[in-house]
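In what follows, a single structure is set out as structure tokens and then discussed.
The model shown is predicted, which means the values in this text are computed figures rather than measured ones.
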Amino acid sequence: QVQLVESGGGLVQTGDSLRLSCAASGRTLSSYHMGWFRQAPGKEREFVAVISWNGGTTRYADSVKGRFTISRDNAKNTVYLQMNTLKPEDTAIYYCAATTRAYGVGTRQSLFGSWGQGTQVTVSS
């Protein structure tokens, strides 16, 4: 099973940018489609973005489309989430997750079997 560690979170102001990283170990990242999810205080965890194993397919939640970009570098075993034009409603713990290539490039959390511990992103107004 792959182990995932997120980094790059922090406290920023409205309109700022952040890039989150998710480093994988234990298995090669190219075996997995990768996703980012987030959980805001008092809310359920929700889908943010997903990328196929080779980077050829990406999908985004409507709330982040045009502002966030998911990418990956399989040689570095790392997935990224570039977040631009951040808003206070983007404040959440951000998690990366892995799903095997046997599944499609889906957005349901139940598809993802491996999760990181999360990184906090706080956007002040």
Look only at the side chain of [X] and the backbone of [Y], and say whether a donor-acceptor pair between them is shorter than 3.5 Å.
| X | Y | answer |
| --- | --- | --- |
| His33 | Val50 | no |
| Ser25 | Leu4 | no |
| Glu6 | Gln117 | yes |

| For the residue pair Phe47 and Phe37, does the interplanar ring angle fall in the parallel (under 30°), tilted (30 to 60°) or perpendicular (over 60°) class? |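 Aromatic pair Phe47/Phe37 classed perpendicular.
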
Please report, to 0.1 Å, the donor-acceptor pairs under 3.5 Å made by any side chain of residues 72-79, with sequence neighbours excluded.
{"unit_1": "Arg72", "atom_1": "NE", "unit_2": "Trp53", "atom_2": "O", "d": "3.2"}
{"unit_1": "Arg72", "atom_1": "NE", "unit_2": "Asn74", "atom_2": "OD1", "d": "2.8"}
{"unit_1": "Arg72", "atom_1": "NH1", "unit_2": "Tyr32", "atom_2": "O", "d": "3.0"}
{"unit_1": "Arg72", "atom_1": "NH1", "unit_2": "Ser52", "atom_2": "O", "d": "2.8"}
{"unit_1": "Arg72", "atom_1": "NH2", "unit_2": "Leu29", "atom_2": "O", "d": "2.8"}
{"unit_1": "Arg72", "atom_1": "NH2", "unit_2": "Tyr32", "atom_2": "O", "d": "3.0"}
{"unit_1": "Arg72", "atom_1": "NH2", "unit_2": "Asn74", "atom_2": "OD1", "d": "3.2"}
{"unit_1": "Asp73", "atom_1": "OD1", "unit_2": "Ala75", "atom_2": "N", "d": "3.1"}
{"unit_1": "Asp73", "atom_1": "OD1", "unit_2": "Lys76", "atom_2": "N", "d": "3.3"}
{"unit_1": "Asn74", "atom_1": "ND2", "unit_2": "Trp53", "atom_2": "O", "d": "3.0"}
{"unit_1": "Asn77", "atom_1": "OD1", "unit_2": "Leu29", "atom_2": "N", "d": "3.0"}
{"unit_1": "Asn77", "atom_1": "ND2", "unit_2": "Ala24", "atom_2": "O", "d": "3.4"}
{"unit_1": "Asn77", "atom_1": "ND2", "unit_2": "Arg27", "atom_2": "O", "d": "3.4"}
{"unit_1": "Thr78", "atom_1": "OG1", "unit_2": "Lys76", "atom_2": "O", "d": "2.8"}

Can you tell me how far apart [atom1] ([X]) and [atom2] ([Y]) are? Round to the nearest 0.5 Å.
| X | Y | atom1 | atom2 | result |
| --- | --- | --- | --- | --- |
| Cys96 | Ile70 | SG | CD1 | 9.0 Å |
| Phe68 | Tyr94 | CZ | OH | 4.0 Å |
| Leu18 | Thr119 | CG | OG1 | 8.5 Å |

| Of all pairs that satisfy side-chain hydrogen bond (donor to acceptor under 3.5 Å, both in side chains), the ones with a partner from residues 105-116, not counting sequence neighbours |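 Listed by first then second residue: Gln1-Ser114, Arg45-Gln109, Arg108-Ser110.
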
| Within 6.0 angstrom of Lys43 NZ, more than 12 heavy atoms from elsewhere |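 Atom NZ in Lys43 is not crowded, with 12 or fewer foreign heavy atoms closer than 6.0 Å.
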
State plainly whether one hydrophobic cluster holds both [X] and [Y], where clusters connect Ile, Leu, Val, Met, Phe, Trp and Tyr through side-chain heavy atoms under 4.5 angstrom apart.
| X | Y | result |
| --- | --- | --- |
| Tyr95 | Val105 | yes |
| Trp36 | Val12 | yes |
| Tyr80 | Val64 | no |
| Ile51 | Leu20 | yes |

Donor-acceptor list for residues 84-93 side chains, cut-off 3.5 Å, not counting sequence neighbours:
{"unit_1": "Asn84", "atom_1": "OD1", "unit_2": "Ser17", "atom_2": "OG", "d": "3.0"}
{"unit_1": "Asn84", "atom_1": "OD1", "unit_2": "Gln82", "atom_2": "NE2", "d": "2.9"}
{"unit_1": "Asp90", "atom_1": "OD1", "unit_2": "Arg38", "atom_2": "NH1", "d": "2.9"}
{"unit_1": "Asp90", "atom_1": "OD1", "unit_2": "Arg67", "atom_2": "NH2", "d": "3.0"}
{"unit_1": "Asp90", "atom_1": "OD2", "unit_2": "Arg67", "atom_2": "NH1", "d": "2.8"}
{"unit_1": "Asp90", "atom_1": "OD2", "unit_2": "Arg67", "atom_2": "NH2", "d": "3.4"}
{"unit_1": "Asp90", "atom_1": "OD2", "unit_2": "Lys87", "atom_2": "N", "d": "2.8"}
{"unit_1": "Thr91", "atom_1": "OG1", "unit_2": "Pro88", "atom_2": "O", "d": "2.9"}
{"unit_1": "Thr91", "atom_1": "OG1", "unit_2": "Val123", "atom_2": "N", "d": "2.9"}
{"unit_1": "Thr91", "atom_1": "OG1", "unit_2": "Val123", "atom_2": "O", "d": "3.4"}

